[in-house]
K.L.:
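So that we are looking at the same thing, I have put the structure below in structure tokens.
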Amino acid sequence: MMVFGLSTRLLNICIASLCKSRLLERAEAVIIDGIRLGVIPDVVTYNTLLSAYSRFVSLDAAYSVVHRMKEAGISPDVITYNSLLSGATRNCLLSQSLDLFEEMLQAGIHPNVWSYNILMHCFFKLGKPDEANRVFQDILLHNLTPHSATFNIMLNGLCKNEYIDNALMLFRNLQHHGFVPRLVTYNILIHGLCKARRLGQARKMLKELGESGYEPNAITYTTVMKCCFKFKQYDEGLEIMSEMKSKGYTFDGFANCTVVAALVKTGRIEEANACMEQTMRNGIELDLAAYNTLLNMYCREGKFEAAYKLMDEIENGGLLCDKYTHTIIIDGLCKAGNIIGAEHHLQYMKMVGFRENLVALNCMIDGLSKAGQIDRAMDLYKSMETKDSFTYTSLVHNLCKVGRFRCASKLMMKCLRDGKKILRATQRAVLDGLRSTGYTDEARKLRWKIRVARILR
DNA sequence: CTAGGGTTAG
């Protein structure tokens with residue numbers, strides 16, 4: 001008995017290590033060998049295997065382990081259910097999660113704090129913060145000791161459901177009761193603040209993070225950086241980028257795309273080049289999004305030959321150019337004043353099977369209007385299935401530039417009726433234009449419409 | 001077992 005117990009423990013250690021390295025087939029083989037030698041797998045063995053299948057393979061594969069363990073006469077325990085629950089929640093099979101929870105209760109298995117943690121997470125994913133909060137209260141009422149993850153899940157869920165103020169309040173309250181935030185906690189709140197455009201508070205939280213003795217990690221940096229770029233605070237974002245670099249963090253593929261795109265957008269081509277090269281030196285392979293980023297860089301430099309060559313390389317390397325690739329080329333050609341080339345590429349895009357692409361057409365509209373072909377831009381606009389605020393802003397802006405204020409005004413009214421917003425500067429250009437050319441009534445009418453639209457929104 | 005993710009247009 002003693003020998004068996006010990007052997008099963010050893011088996012489990014071995015299985016855990018194989019599972020951790022995702023060597024599931026080897027793990028299965030070891031279990032079979034073990035049985036042959038008389039080592040009986042227990043609930044821990046199956047749970048370990050199940051959790052790995054759920055994480056690395058599929059939920060169905062995890063269920064088949066449950067089936068096998070039941071056949072072997074072993075009853076699922078709370079950990080079995082928690083693994084299934086977290087798998088279902090991770091895969092957004094939320095009703096399945098709720099069913100599993102119910103099933104667990106029916107089977108007479110008492111949920112532990114992790115079961116409740118996952119359930120909370122599930123309710124947040126469902127967009128039901130009230131239900132999640134009820135679970136949170138349940139944890140406290142059932143005298144289950146909350147784990148620090150319990151609080152982090154709660155805070156994250158509140159942030160994701162746009163209850164950032166509640167999250168902050170809970171955070172302060174918890175701190176007051178002795179909760180020691182972890183780095184994750186700060187990252188959660190900083191992301192929430194960034195998303196809510198509260199950059200000042202995000203900055204303060206970043207400072208607090210430092211004062212608590214933590215060092216921002218790569219996640220902290222990329223969160224804040226991305227947020228700066230999103231709100232067009234490029235200098236600030238780039239400053240964070242260099243701070244991140246100076247701390248010795250390197251970019252992964254995702255961060256690299258964000259940074260290079262921002263550098264290109266702000267005309268810092270040299271730096272963009274350097275960044276791209278550094279990332280490649282770090283052994284990160286370029287995928288399609290990275291190629292697209294590089295392609296955009298070539299276009300902005302006017303290196304169209306290099307751009308076309310890169311497109312060939314992409315497709316020869318087994319990747320397929322996507323709508324981003326083609327749109328980047330079309331926009332690049334437009335910006336370089338090569339309208340004919342851009343139109344050709346638009347045709348080509350259609351030919352290789354892409355359906356009408358709003359962004360590509362918007363680029364075309366902008367290109368045509370800037371190249372003095374505003375009537376053709378208007379024709380294109382009329383032929384479009386869908387329009388958005390870019391379409392309107394681009395046309396209205398360029399109509400103003402050539403002094404066609406009444407046409408611009410009409411288009412803007414249509415835009416407002418469509419419920420699309422238009423850049424403030426462009427609105428002003430139309431109003432000023434109408435007034436300066438004597439159409440004060442029209443200006444007044446337009447102003448009224450703008451106000452109404454603002455109230456309705 | 002919770003935190004960030006990339007690329008295009010005004």
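Everything numeric in this text was worked out from a predicted model, so none of it was measured. Because only heavy atoms are used, hydrogens play no part in the values below, and waters and symmetry mates are left out as well, while side chains stay in.
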K.L.:
Of the nucleotides B/dG10, B/dT7, B/dA3, which one has an atom closest to the side chain of A/Ile188?
P.N.:
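In terms of side-chain proximity for A/Ile188, the closest of B/dG10, B/dT7, B/dA3 is B/dA3.
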K.L.:
Just how far is it from atom SG of A/Cys299 to atom CG of A/Leu333, taken to the nearest 0.5 Å?
P.N.:
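So the gap between those two atoms works out to 6.5 Å.
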K.L.:
Taking any heavy-atom pair under 4.0 Å as a contact, classify A/Asn117: base, sugar-phosphate, or nothing.
P.N.:
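Result for A/Asn117 = nothing.
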K.L.:
Does A/Arg268 come within less than 4.0 Å of A/Asp235, counting only side-chain N to carboxylate O?
P.N.:
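Judged by the 4.0 Å cut-off on N to carboxylate O distance, A/Arg268 and A/Asp235 do form a salt bridge.
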K.L.:
At less than 4.0 Å, is any side-chain N or O atom of A/Arg300 found next to OP1 or OP2 of B/dT7? Yes or no.
P.N.:
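No.
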K.L.:
Under 4.0 angstrom, heavy atoms only, what part of the nucleic acid is A/Asp252 near: base, sugar-phosphate, or nothing?
P.N.:
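Base contact - A/Asp252 has a heavy atom under 4.0 Å of at least one base atom.
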K.L.:
Of all the choices, B/dA3, B/dG10, B/dT2, which nucleotide is nearest to the side chain of A/Asn187 once you look at every atom?
P.N.:
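Out of B/dA3, B/dG10, B/dT2, the nucleotide with an atom closest to A/Asn187's side chain is B/dA3.
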K.L.:
Would A/Phe254 count as stacked on B/dG6 if the rule is ring centres under 5.5 Å and plane angle under 30°?
P.N.:
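No, A/Phe254 does not stack on the base of B/dG6, since the centre distance and plane angle fail the 5.5 Å and 30° test.
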K.L.:
Rounded to whole Å, please give me the gap between CE in A/Met244 and P in B/dG5.
P.N.:
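These atoms are roughly 13 Å apart.
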K.L.:
Has the side chain of A/Ser389 got a donor or acceptor atom sitting under 3.5 Å from an opposite partner on the base of B/dG10?
P.N.:
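Per atom types, the contact qualifies.
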K.L.:
Give A/Lys335 one of three labels, base, sugar-phosphate or nothing, depending on what nucleic acid heavy atoms sit under 4.0 Å from its own.
P.N.:
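Sugar-phosphate contact only - A/Lys335 comes under 4.0 Å of backbone atoms but never of a base.
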K.L.:
Taking the side chain of A/His191 as its heavy atoms from C-beta onward, which of B/dG5, B/dT7, B/dT2 lies nearest to it?
P.N.:
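The answer is B/dG5, which lies nearest to the side chain.
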K.L.:
Does B/dG6 have OP1 or OP2 under 4.0 Å away from a side-chain N or O of A/Asn256?
P.N.:
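So the side chain of A/Asn256 is outside the cut-off, no N or O lying under 4.0 Å from OP1 or OP2 of B/dG6.
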K.L.:
Please report, rounded to the nearest Å, how far the P atom of B/dT8 is from the CG atom of A/Leu288.
P.N.:
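Distance, rounded to whole Å: 13 Å.
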K.L.:
Look at all strands and tell whether A/Asn398 reaches a base, only sugar-phosphate, or nothing, counting heavy atoms closer than 4.0 Å.
P.N.:
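Since no nucleic acid heavy atom lies under 4.0 Å of A/Asn398, the category is nothing.
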K.L.:
Does A/Lys160 reach a base, just sugar-phosphate, or nothing at all? Heavy atoms under 4.0 Å.
P.N.:
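Sugar-phosphate contact only.
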K.L.:
Of the listed nucleotides (B/dT2, B/dG10, B/dT8), which one gets closest to any side-chain atom of A/Lys370?
P.N.:
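Between B/dT2, B/dG10, B/dT8, the one nearest the side chain of A/Lys370 would be B/dG10.
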K.L.:
Would you check if the distance from the ring center of A/Tyr348 to the ring center of A/His345 is below 6.0 Å?
P.N.:
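Centroid separation for A/Tyr348 and A/His345: below 6.0 Å.
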K.L.:
So A/Leu98 and A/Leu94, do their side chains get closer than 4.5 Å, heavy atoms only?
P.N.:
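They are not in side-chain contact.
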K.L.:
Could you tell me how the ring of A/Phe179 sits relative to the ring of A/Phe151: parallel (under 30°), tilted (30 to 60°) or perpendicular (over 60°)?
P.N.:
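Judged by the thresholds at 30° and 60°, the geometry between A/Phe179 and A/Phe151 is perpendicular.
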K.L.:
Is the phosphate of B/dT8 approached by A/Lys265 (side-chain N or O, under 4.0 Å from OP1 or OP2)?
P.N.:
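Yes, such a contact exists.
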K.L.:
Choose from B/dT7, B/dA9, B/dA3 the nucleotide whose nearest atom is closest to any side-chain atom of A/Cys363.
P.N.:
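Of B/dT7, B/dA9, B/dA3, B/dA9 is nearest to the side chain of A/Cys363.
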K.L.:
Rounded to the nearest angstrom, tell me the gap between atom OH in A/Tyr381 and atom P in B/dG10.
P.N.:
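The distance from OH of A/Tyr381 to P of B/dG10 comes to 19 Å, rounded to the nearest Å.
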K.L.:
Return the orientation label for the A/Tyr381 and A/Tyr392 ring planes: parallel under 30°, perpendicular over 60°, tilted otherwise.
P.N.:
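The arrangement is perpendicular - the two ring planes meet at more than 60°.
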K.L.:
Could you check how far CZ of A/Phe151 sits from P of B/dA3, rounded to whole Å?
P.N.:
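It is 17 Å, rounded to the nearest whole Å.
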K.L.:
Assign A/Ile118 to base, sugar-phosphate, or nothing according to its heavy-atom contacts below 4.0 angstrom with the strands shown.
P.N.:
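The residue A/Ile118 makes sugar-phosphate contact but no base contact.
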K.L.:
Counting only distance, no hydrogens or angles, is the base of B/dG4 paired donor-acceptor with the side chain of A/Thr223 under 3.5 Å?
P.N.:
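Such a pair does not exist between side chain and base.
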K.L.:
Given B/dG5, B/dA9, B/dT2, which nucleotide is nearest the side-chain atoms of A/Ala149?
P.N.:
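In terms of side-chain proximity for A/Ala149, the closest of B/dG5, B/dA9, B/dT2 is B/dT2.
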K.L.:
Can you tell me the distance, in whole Å, between the CG atom of A/Leu361 and the P atom of B/dT8?
P.N.:
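Result: 18 Å.
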K.L.:
Report the nucleotide, chosen from B/dT2, B/dG10, B/dT8, that has the shortest atom-to-atom distance to any side-chain atom of A/Thr327.
P.N.:
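Between B/dT2, B/dG10, B/dT8, the one nearest the side chain of A/Thr327 would be B/dT8.
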K.L.:
Does A/Ala290 reach a base, just sugar-phosphate, or nothing at all? Heavy atoms under 4.0 Å.
P.N.:
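Base: the residue A/Ala290, judged by heavy atoms under 4.0 Å, touches a nucleobase.
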K.L.:
Salt-bridged, A/Lys247 to A/Glu243, with N to O below 4.0 Å?
P.N.:
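Looking at A/Lys247 and A/Glu243, the cut-off is met.
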K.L.:
Tell me whether the OP1 or OP2 atom of B/dT8 has a side-chain N or O from A/Lys323 closer than 4.0 Å.
P.N.:
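Checking A/Lys323 against B/dT8: no side-chain N or O falls below 4.0 Å of OP1 or OP2.
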K.L.:
Once you round it to whole Å, what is the distance between P of B/dT2 and CD1 of A/Ile219?
P.N.:
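Roughly 11 Å, once rounded to whole Å.
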K.L.:
Is it the case that B/dG10 (base atoms only) and A/Thr393 (side chain only) share a donor and an acceptor within less than 3.5 Å, ignoring hydrogens and angles?
P.N.:
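Yes.
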K.L.:
Using a distance-only criterion (donor-acceptor N/O pair, under 3.5 Å, no hydrogens), is the base of B/dG6 paired with the side chain of A/Asn292?
P.N.:
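Answer no: no donor N or O sits under 3.5 Å from an acceptor.
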K.L.:
With no angle test and no hydrogens, is the base of B/dG10 tied to the side chain of A/Asp388 by a donor-acceptor pair under 3.5 Å?
P.N.:
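Checked by distance alone, the answer is no.
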K.L.:
To the nearest Å, give me how far apart OH (A/Tyr291) and P (B/dG6) are.
P.N.:
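Taking OH of A/Tyr291 and P of B/dG6, I get 20 Å after rounding.
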K.L.:
How would you label the contact of A/Thr258 with the nucleic acid (heavy atoms, under 4.0 Å): base, sugar-phosphate, or nothing?
P.N.:
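Since only primed, P, OP1 and OP2 atoms lie under 4.0 Å of A/Thr258, the category is sugar-phosphate.
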K.L.:
Separation of A/Met241 atom CE from B/dG6 atom P, in whole Å?
P.N.:
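One finds 18 Å between P of B/dG6 and CE of A/Met241, rounded.
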